[in-house]
K.L.:
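Below you'll find the structure I mean.
The sequence lines fix the lettering, A, B, ..., with proteins before strands; numbering per chain opens at 1.
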There are 2 protein chains.
Amino acid sequence: MGKITGGATRIEDVARVAGVSMKTVSRVFNHEPNVRADTRAKVEAAAKALHYRPNPSARSLAGHRSYLIALVYDNPSASYVMEVISGVLDACEPARYSMMVRPVKLDDRDHVELVAETVAQYAPDGLILTPPLTDDAALLRRLDAQGVRYASISPKTANARLGAHLDERSAVREMMAHIVSLGHRRIAHVKGHRDHGATDWRLAGYRDGLRAAGIAYDRALVVAGEFSFESGAAAAERLLALDAPPTAIFAANDDTAAGIMRVASGQGLRIPRDVSVFGFDDLPMARQLWPALTTVRQPSRAMGRIAAEQLLRAIRGEAAGMVEVPYELRLRDSTGPVPTHPRRR
Amino acid sequence: MGKITGGATRIEDVARVAGVSMKTVSRVFNHEPNVRADTRAKVEAAAKALHYRPNPSARSLAGHRSYLIALVYDNPSASYVMEVISGVLDACEPARYSMMVRPVKLDDRDHVELVAETVAQYAPDGLILTPPLTDDAALLRRLDAQGVRYASISPKTANARLGAHLDERSAVREMMAHIVSLGHRRIAHVKGHRDHGATDWRLAGYRDGLRAAGIAYDRALVVAGEFSFESGAAAAERLLALDAPPTAIFAANDDTAAGIMRVASGQGLRIPRDVSVFGFDDLPMARQLWPALTTVRQPSRAMGRIAAEQLLRAIRGEAAGMVEVPYELRLRDSTGPVPTHPRRR
DNA sequence: CTGTTAGCGCTTTCAT
DNA sequence: ATGAAAGCGCTAACAG
């Protein structure tokens, strides 16, 4: 019946068996100092024997803390969110925190209210924000006003003081160097959604890459997108119809790359023989595309874990900050040498 | 700071302003009977004016219930789980319940212990199980022993008394009828993972479809799979190498279908001109495959919501059961008329 | 380093 | 239909 009472042993039982006070048991379980090692051992033995588990409700009621953190997301991609969820849980378990999730739609007028409502109702000790919510000024303002602590994953601005990020700009720059080394000079870019910070970082990396190779920036080769399959497809229609089409296309993310690949294949082009395509994220689907997609892997699960760890450190009053995590280039089959006889229309 | 105390108004404040006792406020908030309409109105007005929100910890500590349900999954597919999460949250909100998630790996030796541990620690009022955990005998036995209530989504056996399911067998039978109407007679099937109930239902539907069309069951056309892209690819290699290859392939799910399509395309076959392919699930990727995949849509979000609703009804002591939800056939571009001149190897 | 006391905010039980 | 008192299991504040 999920009853809490009944068989459940309480802190009092542990105290009696261990021959100490309730408060001492509490100290042991909360890793507080000022407990002799042998006392600690006695308590731990008693707790183990009795299968004692602190009651979370009592703990938070008496402690004026919820021991809860809320993950807020506007589902950019299911696999991304699932990875982040796993990472946050990885951090919560050893800290004896629990996690709740709060999906919101950035486009809904009242999304700030929805988050504020969750905060008011459940009083989480902190929030984890995923992009693009990390850069939603109205939301951040409200959270600051409410005095809610939050950690950001891949925020756009350097303002965010807590969380995890990846040097996307350098990652793209590095990937561009690889593409250039394959002989490409006409490299296009399909940008991400306006509101996402990643859009800017990835564009900056693209420009860095061009500059490093001494290639002029060509506006005609940079088209809008919105991190979606559909926007990739639309962008590809335009790019491939140019008089001098690109020999390589950098998609702002893997979904976009999938859309590009579909259109290119649909036009009878072979990848990478006729055109190279590369993305960013390394979603599971990247390996399932045909050919398998060259992309940048970001360790989403680790980023979720690290962001949560930093948040928990801040909650405990320990030093915490914004942590940079490493990326990896995944060079697969969707990129290859530049065509020797460029296609002309 | 996420502080619970401080500005937070308590039930006592509401009682004072409304001029009633704490217990009456409690009655109103818990929808208990025996409150006069005007008293109820007074309480609601006071609560609204004070922005009162019951403290979840106090509520569950005093009430001996956690007002929490746990969603347990072994990530069959990220988008599936995300949909189910959304559905469960849809049901939780109006009921003032919260949801926690507990990912487990069926292959881990101790997965039953992990779930039992979560139950012992958080005392959720119930669990939601997703496949294939719905059919894990060891887990179910343990939960029954612990006296934990649970609702199942798409369980294999009809034993499950609570939850939501879909008539997968009829869905496949109906899809088969459509394929047969396109002229196909050599229809192959790539099965799902052994442990999943869906594997059996979908195979049964396939056989029903053959029988209805007067087509003999051909063992050579039914190959093992495990609901994955890779298993689909492997199965396709075998099926397409047959002396008399199938003209249509029913993949047990969309991931499998994607693997089949990749191999078929890789061999230079055109879909559906040379071979038709259809799946089951209607994941978002189904529309992004090229050509777009014909498949069966199951309303995962609604199923999550309904399973949670039934669970909550059972928790409240109301009548609840296993609810069947409707499916939809999504006829897209990966299926077409049977080739007039069948390929021969 | 350890213990005592009070009380977190709510629901229960029992009374009226 | 409504209320008063007790107490859920734990931690805070203080005492020693």
K.L.:
Tell me: CZ of B:Arg36 to C1' of D:dG3, nearest whole Å?
P.N.:
14 Å
K.L.:
Does any N or O in the side chain of A:Asp13 come within less than 3.5 Å of the main-chain N or O of A:Thr9, such that one atom is a donor and the other an acceptor?
P.N.:
no
K.L.:
Tell me: CG of B:Asn34 to C1' of C:dC14, nearest whole Å?
P.N.:
15 Å
K.L.:
Send over the distance from B:Tyr67 OH to D:dC8 P, rounded to a whole Å.
P.N.:
17 Å
K.L.:
Quickly work out the A:Asn30 CG to D:dA13 P distance and round it to whole Å.
P.N.:
14 Å
K.L.:
Looking at A:Arg301 and A:Glu83, is any side-chain nitrogen of the basic one under 4.0 Å from a carboxylate oxygen of the acidic one?
P.N.:
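No, this pair does not count.
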K.L.:
Looking at the side chain of A:Arg10, which of D:dA12, D:dT2, D:dG9 is the nearest nucleotide?
P.N.:
D:dG9
K.L.:
Within the structure, does a side-chain N or O atom of A:Thr24 lie under 4.0 Å from either OP1 or OP2 of C:dG3?
P.N.:
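Checking C:dG3 against A:Thr24, a side-chain N or O does come within under 4.0 Å of OP1 or OP2.
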K.L.:
Answer yes or no: is there an ion pair linking A:Glu309 with A:Arg305, defined by an N-O contact shorter than 4.0 Å?
P.N.:
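Looking at A:Glu309 and A:Arg305, the cut-off is met.
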K.L.:
Under 3.5 Å, side chain of B:Ser300 to main-chain N/O of B:Tyr80, donor-acceptor pair present?
P.N.:
no
K.L.:
Tell me whether the OP1 or OP2 atom of D:dT2 has a side-chain N or O from B:Thr39 closer than 4.0 Å.
P.N.:
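Yes, B:Thr39 has a side-chain N/O under 4.0 Å of OP1/OP2 on D:dT2.
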K.L.:
Starting from the 5' end of DNA chain D, give me the residue, B:Asp38 or A:Ile11, whose nearest nucleotide shows up first.
P.N.:
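That would be B:Asp38.
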K.L.:
Give a yes or no answer on whether the side chain of A:Asp136 reaches the backbone of A:Ala138 with a donor-acceptor pair at less than 3.5 Å.
P.N.:
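Present.
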K.L.:
Checking contacts here: which listed nucleotide (D:dG7, D:dT11, D:dG3) is nearest the side-chain heavy atoms of B:Val20?
P.N.:
D:dG3
K.L.:
Among C:dT11, D:dC10, C:dG3, find the nucleotide with the atom closest to the side chain of A:Met22.
P.N.:
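Between C:dT11, D:dC10, C:dG3, the one nearest the side chain of A:Met22 would be D:dC10.
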K.L.:
Select from B:Ser21 and A:Arg96 the residue whose nearest nucleotide in DNA chain D is closer to the 5' end of that strand.
P.N.:
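Of the two residues, B:Ser21 wins.
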K.L.:
Determine the contact category for B:Pro54: base if any of its heavy atoms lies under 4.0 Å from a base atom, sugar-phosphate if only primed atoms, P, OP1 or OP2 are that close, otherwise nothing.
P.N.:
sugar-phosphate
K.L.:
Tell me if the side-chain of B:Arg27 makes a donor-acceptor pair with the base of D:dG3, cut-off 3.5 Å, by modelled atom types.
P.N.:
yes
K.L.:
Using a cut-off of less than 4.0 Å, is there contact between a side-chain N or O of B:Ser57 and OP1 or OP2 of C:dG9?
P.N.:
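Checking B:Ser57 against C:dG9: no side-chain N or O falls below 4.0 Å of OP1 or OP2.
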K.L.:
Which nucleotide in the set D:dT11, C:dG3, C:dC10 lies at the smallest distance from any side-chain heavy atom of A:Arg59?
P.N.:
D:dT11
K.L.:
Rounded off to whole Å, could you give me the CG-to-P distance for the A:Asn55 and D:dG7 pair?
P.N.:
18 Å
K.L.:
By the 4.0 Å heavy-atom rule, please label A:Tyr52 as base, sugar-phosphate, or nothing.
P.N.:
sugar-phosphate
K.L.:
Nearest-Å distance, CG (B:Leu61) to C1' (C:dT12)?
P.N.:
12 Å
K.L.:
B:His64 has an atom NE2; how far is it from atom C1' of D:dG7, in whole Å?
P.N.:
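Those two atoms, NE2 and C1', are 8 Å apart.
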K.L.:
Could you verify whether a donor N or O on one side chain and an acceptor N or O on the other, from B:Ser60 and A:Ser57, lie under 3.5 Å apart?
P.N.:
yes
K.L.:
Taking CG from A:Leu50 and P from D:dG9, how many angstroms apart are they, rounded to a whole number?
P.N.:
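Those two atoms, CG and P, are 14 Å apart.
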K.L.:
In terms of side-chain heavy atoms of B:Ala58, which of D:dT2, C:dT4, C:dC10 is nearest?
P.N.:
C:dC10
K.L.:
Side-chain N or O of B:Ser26 less than 4.0 angstrom from OP1 or OP2 on C:dT11?
P.N.:
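Answer is yes, contact under 4.0 Å.
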K.L.:
Going by modelled atom types, is there a donor-acceptor pair between the base of D:dA12 and the side chain of A:Lys23 at under 3.5 Å?
P.N.:
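Counting by modelled atom types and ignoring angles, a donor-acceptor contact under 3.5 Å is found here.
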